[in-house]
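Below, chains carry the letters A, B, ... as their sequence lines are ordered, and counting in each starts from 1. Since the model is a prediction, treat every value here as computed from it, not as a measurement.
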Amino acid sequence: MMRYFINGILRENPVLVLMLGLCPVLAVSGSLRDALGMGVAAICVLFGSNLVISLIRKGVPPQLRIPIFIIVISTFVTIIDYTMQAYQPELYQMLGVFVPLIVVNCIILARAEAFASKHSVFASILDALGIGIGFILAIGAMGFFRELLGNGSVGGKIILGQSFHQNPVLFMVLPPGAFLVIAFLMAAMRKWRSQ
Amino acid sequence: MKRNTFKLAFILFVAASVSATTLSLIYTVTKPKIDEYRTHTLQSNLKEVLEGATEFEEIITDTLWRGAASSGELLGIAFKVFPKGYGGPIETLVGLKVDTTIAGIIVASPAEGMKETPGLGIKVREDWFRDQFRGRKQQELLLKKDGGALDAVTAATISSRAVVNGVKEGVERYRRHLVEGE
């Protein structure tokens, strides 16, 4: 059972190995805080959708899998959006922008289709947590390196000195920097896996 | 075959209905909370852009307010402008004092529908950028690039220029409301 959890973190890391969900990883990783925000919002939806889909998996006819999964996922995204706005408005100020973006995160649909629709509830929850943590690690690493090089800071704290902060490697926080960093991360991952 | 089609349509119908019911329930429960928070935020934002004012009279719904001190003395107006930025309109709340200088501005957060690029254009929300407007007159509202005195956010000229022009146009449009009874 535990391997379902551990698999998603490194060996089957959704971003760096399965190459899923690259769109949010490239787009929302300009700073560590944004990246972690996106990661946390995604793991919440992934947890909810995997749970519900594995619960209803026996009642869903094969032809209707995709439309029903999409209904479940978008319902969850909207529930989280409203609930957070109502009860955690401060948190919503930070994460709110990422919540609607989760609908386009294909990791969620991929796990629903490839895992939750075929496994028990408990296994699906472990899978959601493992994949979610893997996603947070990947997007967090992206955010860390891009912010460090592109702004001289980590989580908004300037650590590379004021002169670097005034004149950083600006293109790292721009789209080309995202592609560059993810290439290095993927290369490192392949190297580690091949050993 | 035909029976099967009906069966599938029915299942999808049930799934969609369950989803719709859940969502409308959640909406009904959370809506008052969300509105309450919005009103609360608006009041504190108004107080921030027009320092000293405590009483706000809404002149144009959700767009223009006249702010007075608790003594009743008119201090200025506050208004919302929506200049077009890089990703969409940038909602900006502006406070304008009776002497026609800017008292302060607040740029809406992404959660409130602002769509500038995270890490770039979004920095027009930062204090150093907003503070540059304080005490400025309408004719001073120009970026350094355009021959003025305001710094733009690095690599986000479009967003910066949008906010500056939006504030400027807003001052032009609403200035006449500084005179009481207008």
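Highest contact tally toward chain B, considering only A/Leu64, A/Leu170, A/Asn151, A/Val99, is held by A/Leu64 [criterion: heavy-atom pairs under 4.5 Å]. Taking A/Gly150, A/Ala27, A/Ser31, A/Pro89 one by one and counting their heavy-atom pairs under 4.5 Å with chain B, the maximum is reached by A/Pro89.
Using a 4.5 Å cut-off between heavy atoms, B/Ser19 contacts chain A through both its backbone and its side chain. A/Tyr87 touches chain B through its side chain: at least one heavy atom from C-beta onward sits under 4.5 Å away, while N, CA, C and O do not. If you measure heavy-atom distances from B/Leu120 to chain A, the contacts under 4.5 Å come from the side chain alone.
For the pair B/Arg136 (side chain) and B/Ala103 (backbone), a donor-acceptor distance under 3.5 Å is absent.
For B/Lys47, the NZ atom counts as densely surrounded, since its 6.0 Å shell holds more than 12 non-hydrogen atoms of other residues, nucleotides or ligands. Other residues, nucleotides and ligands place more than 12 heavy atoms under 6.0 Å from the CD atom of A/Gln63.
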Which pairs would a plain distance check flag for residues 38-45 of chain A, meaning a side-chain donor or acceptor within less than 3.5 Å of a matching protein atom at least two apart in sequence or in another chain?
none

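Side-chain contact between B/Leu150 and B/Glu140 is absent, with no heavy-atom pair separated by less than 4.5 Å.
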